[in-house]
Amino acid sequence: LMPAAPALIQVASPAPSASFMGLDDIPMVDSSYIVIPPDVGGAVGQTKILEGLNNNYRVLDKATGATLSTVGTATFRAPTGAPLNSLTDPRTVYDPYNDRWIAVMQTFESSASILVGVSQTSDPEGDWYLYRFNTGVSIDFPNLGFNKNWIVVSINRYSPGGTFQRGITLVMDYPQARAGTGVGTLFTQSANSHYCSSPCFTYSTTADTEYVLTHVSSASGTYVLDEITGTPSSPTYTAGSTALTRPGGGWVQPSGNLLPQSAPQAEAPAASSAE
């Protein structure tokens, strides 16, 4: 049976307790290379913040906002052997149960790779285990999730001409990844399905099932939930067959430029990145 739709949250979010400037849209600190757009993201840990943009990773002090360190994404990902001029779409999350950081990117090329990083300790400035999974196809727009068993990356697959074909999903053995071994299963979804699917962040030490959500219709507020079950080393992917409805009904998607972006420095060579 598919799970019931979640109840509507009634509690308002608390106001920010601190405010400070984060990582700006600047060229890589180890070169003048810049990727447009910056694809801003990041995660908050116990004492530090890890921000990931297309160009750089930056670690900030959570209490003061002070910059502790900055490294170019090309330098960070170099040990994987991935082509460093095609990095894009960073996704970064902190796992409070294992006290680890997970940082994902992709390469943007005809035979593209999903790049996964897991911190070896609770410190994002320390050593990382870095992994590369070549998909053999053109991909774009990864979405990251995890539970105690797996790191899950859902991503769109495209034809060489740029037409969306289907979603594909990397399910990686999370306990093994924390120990330094990169083992993953790549699931290929049905044709013309699973566009921009989103794995859940499962904040639990006991939940064995990982869910993957796929939007169906904004107007009707409907979506489908897939399930990943099994063991960390032997996952099973079951696609949902029944659409669920969001409490509160549908919505109207925004359009236009939601936030203007400053132009890069004139002297910095620029490279475009797909959204």
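Nearest heavy atoms, Ala82 versus Thr107: CB-CG2, 3.8 Å. A pairwise comparison of heavy atoms in Val35 and Asn55 identifies N-OD1, 2.8 Å as the closest pair. Among all heavy-atom pairs drawn from Ala243 and Val224, the shortest one is CA-CG2, 4.0 Å. The two residues Tyr211 and Leu225 make their nearest non-hydrogen contact at CB-CD2, 4.2 Å. Closest non-hydrogen pair, Ser190 versus Arg166, comes out as O-CB, 3.4 Å. Across every non-hydrogen atom of Gly145 and Glu210, the tightest pair is C-OE2, 4.0 Å.
Side chains of Phe76 and Leu87 form no contact here, defined as non-hydrogen atoms less than 4.5 Å apart. Within the 4.5 Å cutoff, no side-chain heavy atoms of Pro90 are placed close to those of Thr73. At least one side-chain heavy atom of Ser154 sits under 4.5 Å from a side-chain heavy atom of Pro199.
Grouping the Ile, Leu, Val, Met, Phe, Trp and Tyr side chains by contacts below 4.5 angstrom, directly or via other members, places Leu170 with Phe146. Criterion: ILVMFWY side-chain heavy atoms under 4.5 Å apart, direct or through other members. Under it, Val212 and Val171 are part of a common hydrophobic cluster. When hydrophobic clusters are built by joining Ile, Leu, Val, Met, Phe, Trp and Tyr residues whose side-chain heavy atoms come closer than 4.5 Å, directly or via intermediates, Leu144 is grouped together with Tyr129. Using a 4.5 Å cut-off between side-chain heavy atoms of Ile, Leu, Val, Met, Phe, Trp and Tyr, with links allowed through other members, Val104 and Val93 fall into the same hydrophobic cluster. Linking ILVMFWY residues whenever their side-chain heavy atoms come closer than 4.5 Å, directly or via other members, leaves Leu186 and Val183 in distinct clusters.
If you check the side chains of Arg58 and Thr70, you find a donor sitting under 3.5 Å from an acceptor. Under the 3.5 Å distance criterion, with hydrogens and angles disregarded, a donor-acceptor pair is assigned to the side chains of Ser111 and Asn134. Glu227 and Thr209 are not linked by any side-chain donor-acceptor pair at a separation below 3.5 angstrom, with hydrogens and angles left out of the test. Between the side chains of Gln189 and Thr169, at least one donor-acceptor pair of N or O atoms lies under 3.5 Å. Side chain to side chain, Asp99 and Tyr94 meet the donor-acceptor criterion of an N or O pair below 3.5 Å.
For the side chain to side chain contact (heavy atoms under 4.5 Å, CB included) criterion with Ile168, the lone passing option out of Val153, Asn156, Thr135 is Thr135.
In this structure a side-chain-to-backbone donor-acceptor pair under 3.5 Å is present from Asn54 to Pro37. With hydrogens and angles disregarded, no donor-acceptor distance shorter than 3.5 Å links the side chain of Glu51 to the backbone of Val40. Using modelled atom types, one side-chain atom of Asp226 and one backbone atom of Gly240 make a donor-acceptor pair closer than 3.5 Å. Side-chain atoms of Asn147 come within 3.5 Å of backbone N or O of Asp208 as a donor-acceptor pair. Under a 3.5 Å cut-off, the side chain of Thr80 and the backbone N or O of Arg77 do form a donor-acceptor pair. Side-chain atoms of Gln106 come within 3.5 Å of backbone N or O of Ile139 as a donor-acceptor pair. A donor-acceptor contact shorter than 3.5 Å links the side chain of Thr121 to the backbone of Asp123. Between the side chain of Asp95 and the backbone N or O of Arg100, no donor-acceptor pair lies under 3.5 Å. Using modelled atom types, one side-chain atom of Asn143 and one backbone atom of Ser197 make a donor-acceptor pair closer than 3.5 Å. A donor-acceptor pair is defined here as one N or O able to donate and one able to accept, closer than 3.5 Å; no such pair exists between the side chain of Trp101 and the backbone of Val118.
Rounded to the nearest 0.5 angstrom, Leu53 CG and Asp89 CG are separated by 11.5 Å. Distance check, rounded to the nearest 0.5 Å: CD1 of Ile102 to OG1 of Thr92 gives 10.0 Å. Atoms OG and CH2, from Ser218 and Trp251 in turn, are 4.5 Å apart once rounded to the nearest 0.5 Å. Atoms CD and CG, on Glu109 and Asn85 in that order, are 8.5 Å from each other to the nearest 0.5 Å. In this structure, Leu23 CG and Thr67 OG1 are separated by 8.0 Å, a value rounded to the nearest 0.5 Å. With values rounded to the nearest 0.5 angstrom, Arg246 atom CZ is found 10.0 Å from His215 atom NE2.
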Practice prompt. Might you work through the side chain to side chain contact (heavy atoms under 4.5 Å, CB included) test for Phe133 and Met172, ending with a clear yes or no?
Written response: CA-CA 10 Å; Phe133 297 89; Met172 187 176 181; 3.7 Å; yes
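In the hydrophobic clustering (ILVMFWY side chains linked at under 4.5 Å, chained through shared members), Tyr195 is joined by Tyr158, Phe164.
Residues meeting the ring-ring contact (aromatic ring centres under 6.0 Å, His included) test with Tyr97, sequence neighbours left out: none.
Listed by first and then second residue, the ring-ring contact (aromatic ring centres under 6.0 Å, His included) pairs that reach into residues 173-192 are Phe187-Tyr237, sequence neighbours excluded.
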